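From a predicted model like this one, the values you see are computed outputs, not experimental measurements. Just so it is clear: chains get the letters A, B, ... in the order the sequence lines come, proteins before strands, and each one is counted from 1.
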Number of protein chains: 4
Amino acid sequence: MKKNKPKYKQIIDAAVEVIAENGYHSSQVSKIAKKAGVADGTIYLYFKNKEDILVSLFQNKMGQFIEKIEQETTSRQNAEEKLLTLIETHFEQLSLDHHLAIVTQLELRQSNKELRLKINDVLKRYLAVIDQIVAEGVEENLFRKQLDARLVRQMIFGTLDETVTNWVMKDQRYNLTSQAKEVHSMIVHGLST
Amino acid sequence: MKKNKPKYKQIIDAAVEVIAENGYHSSQVSKIAKKAGVADGTIYLYFKNKEDILVSLFQNKMGQFIEKIEQETTSRQNAEEKLLTLIETHFEQLSLDHHLAIVTQLELRQSNKELRLKINDVLKRYLAVIDQIVAEGVEENLFRKQLDARLVRQMIFGTLDETVTNWVMKDQRYNLTSQAKEVHSMIVHGLST
Amino acid sequence: MKKNKPKYKQIIDAAVEVIAENGYHSSQVSKIAKKAGVADGTIYLYFKNKEDILVSLFQNKMGQFIEKIEQETTSRQNAEEKLLTLIETHFEQLSLDHHLAIVTQLELRQSNKELRLKINDVLKRYLAVIDQIVAEGVEENLFRKQLDARLVRQMIFGTLDETVTNWVMKDQRYNLTSQAKEVHSMIVHGLST
Amino acid sequence: MKKNKPKYKQIIDAAVEVIAENGYHSSQVSKIAKKAGVADGTIYLYFKNKEDILVSLFQNKMGQFIEKIEQETTSRQNAEEKLLTLIETHFEQLSLDHHLAIVTQLELRQSNKELRLKINDVLKRYLAVIDQIVAEGVEENLFRKQLDARLVRQMIFGTLDETVTNWVMKDQRYNLTSQAKEVHSMIVHGLST
DNA sequence: TATGAATGAGTATTCATTCAT
DNA sequence: GATGAATGAATACTCATTCAT
């Protein structure tokens, strides 16, 4: 399995760095190879083409990202706490990896529609977690019954995403994680019975 | 003033059409020129370069978009109604111009960071309208005092933007405007005292 | 009509020179452009791609080649003289353009099967001239009736082609045209009643 | 002697198959190695480089081809019969090995000039057989004295080669061997006293 | 103003060959 | 002898922009 070989991870990590530092359109394959410490041709032993590096990067990093959120939230008692944990974990993880934050919030969005569709596939797992928490909240009688699942999902994800993007565009100059509580408060109010 | 000459508008309208139909990366200057019925070189009499077409396009279209929202909202009595009007007008306008919706929600986001910063500048006027309504809501004692203006702005804009993007990505197959009321409800709940 | 613009011919002539001097596989588009005195991109205003340069080259040069042979042969009185004229004109023309001889006999044969099929199309006009002369020879009772047209065509073209190729491979060190008479003699004998 | 080890022949046979099936330019060393059932690197224990595979292939297969022709022709009584046998054996052998026919008539000609010069070396043995038969024909007073040996050789080889190439390009759809008699007739006529 | 022919910089990918095991 | 992972050189084509007319 190629994904477990050390060079696979080396190349993905190099890609994150190179893209964060140079921007999507100035990230040539040769630059990524150099940063990864391999020959240009070696890239193609592990990835089908340049786009495959980006998709794999997103799947790999986002996979870990979502897994962490799944882990943290399941241990909580109720929907309200779970939602807070989700927001905090979301913010925390991106705060801890500045390069990744730049890549996911800014650079990867410059990719073409096709790549963005693949990225959306990966995000579905995240949206499922949100749906699950909201459903629990409804059962716990914390949230209103009549909520439209899609709209709720869009509000939560849209708010978090916009918040992180603004923070990245302001060069990550303020503390993102500390905003989790207030974002949580607004969302819970918005959904409450 | 070049902006009032007919070819200026011709070129911008051609750009919207071409980008909506072909996607950002397949929208060459020559294609836009052809659709606009002018020679390639003529483009450069009206715009500094290709990026300038896109920025101008966004300024022009978004200017009208925001103006309309300003007009509609000022005539309303209170913050709650103004917010509903803002959401409805936002959704309505993009529903009425499918090409523009594709361009603003999907294609223009593939531009580089620099262009996106300029786009953000244009959006400031829109965010100012949101801020103003929220401030009124606080004064009217409808919304909580301690709200962080930036976070509120991000929640509102993030939610609307995510909602519209999802609708565009689903090929605009359902009615967007009819979702305004529920989105409004969630946001107002989220901010209420 | 692009084919009549001066740059079209410039590029084709440059291609013949570059290919004759460097060989098919070392004839980069940029080298041809440089020799033609135009920018790389200009090539693509006149030709669809690299292969199109080669096909056009062959069509253009071979077109003239065959036309000349058609002209010279029609003025002759009988099949025997026509055949001699054909052979002489064939040899003469390639003797007069050493670069073209190298390109048609050696370099262009390295192209892929697809290109070679297109080249064969061009040759059909030449083979038709041969067929016509042979048919006349049969009518004049100079040649045997039972001859298989295809085999005759293959003998004549095969002999001429092999003769020219050998002369080119021997670096054109001897006089090709002076061999026309003897080749003619062998062929006429071969077909005679 | 490497040439007698089993892998040597394995690789050459694999090369013929791969080239016949995929064409010269799609016949990568790794594909040949796979078909031969050896590792890529193993190829280089038996051949100096890729070109060496092709030259060896031609030497090996053509060696057998010419040997067979030498055997068959020597047993015949006179030049006329020998020439017929040569033509028949030439056609027969290529008819019996369709892959080899494709490789020698079409694919190997796409190689560069250098390789073709080496291929010509191998052919000298074949041309010597032709020369010998023609000389015998002259002695037997069957053929004219004044014939130029090189031109005769070119006529015979050119005719046979063109005939086989046409048959291969027509996808070997008709019987090649049955054309031997008429080809023979034309050539003998062409050389006769 | 308007034209459109000409420019030329910039880059992903393949594949013959090597060499440590 | 045998392997196969790693190497890295080499090149056609696009398209934003210019400028002579």
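Considering only side-chain N and O atoms, C/Lys5 lies nowhere under 4.0 angstrom from the phosphate OP1 or OP2 of E/dA5.
Between A/His99 and A/Ala20, the shortest heavy-atom distance links the atoms CD2-CB, 3.5 Å. Of all non-hydrogen atoms in C/Ile32 and C/Ala14, the two that sit nearest each other are O-CB, 3.7 Å. Of all heavy-atom pairs spanning A/Tyr8 and A/Asn60, the tightest one is CE2-ND2, 4.0 Å.
Ranking F/dT18, F/dG4, F/dC15 by closeness to the B/Gln28 side chain, first place goes to F/dC15. Here the side chain of C/Val29 is nearest to one of F/dA12, E/dA5, F/dG1, namely F/dA12. Distance from the side chain of D/Ala39 is smallest to F/dG4 among F/dG4, F/dA5, F/dA2.
One interatomic measurement links the two molecules: CD1 of B/Ile43 to P of F/dC19, which rounds to 18 Å at whole-angstrom precision. In this structure, CG of D/Asp40 is placed 14 Å from P of F/dA6, rounded to the nearest angstrom. D/Leu45 places its CG atom 12 Å from the C1' atom of E/dT17, with the value rounded to the nearest Å. Look at NE2 on D/His25: it is 11 Å from P on E/dA16, rounded to the nearest Å.
Look at F/dA5: its Watson-Crick or wobble partner, with both distances under 3.5 angstrom, is E/dT18.
Heavy atoms of A/Lys34 sit nowhere under 4.0 angstrom from any nucleic acid atom. Residue contacts for D/Lys31: at a heavy-atom cut-off of 4.0 Å it reaches no nucleic acid atom on any strand shown.
Shown for residues 47-58 of chain C: no residue has heavy atoms falling under 4.0 angstrom of DNA chain E.
Looking at C/Lys35 and C/Glu21, a side-chain N of the basic residue comes within less than 4.0 Å of a carboxylate O on the acidic one, giving a salt bridge.
Mapped onto DNA chain F by nearest heavy atom, D/Gly37 and A/Gly37 fall at different nucleotides, with D/Gly37 at the one closer to the 5' end. Comparing D/Lys7 and C/Tyr44 by the nucleotide of DNA chain F that holds the closest heavy atom to each, the one mapping nearer the 5' end is D/Lys7. Across the interface with DNA chain E, nearest-nucleotide mapping of A/Thr42 and C/Gly41 shows C/Gly41 to be the residue nearer the 5′ end. Nearest-nucleotide mapping onto DNA chain E: of B/Val38 and D/Ser27, the residue sitting toward the 5' end is B/Val38.
If you check the side chains of D/Gln59 and D/Asp121, you find no donor sitting under 3.5 Å from an acceptor. In summary, the side chains of C/Gln28 and C/Asn22 do not present any donor paired with an acceptor at a separation below 3.5 Å, with no hydrogens or angles considered.
Under the 4.5 Å side-chain criterion, counting only non-hydrogen atoms from C-beta, D/Lys5 is not in contact with D/Leu45.
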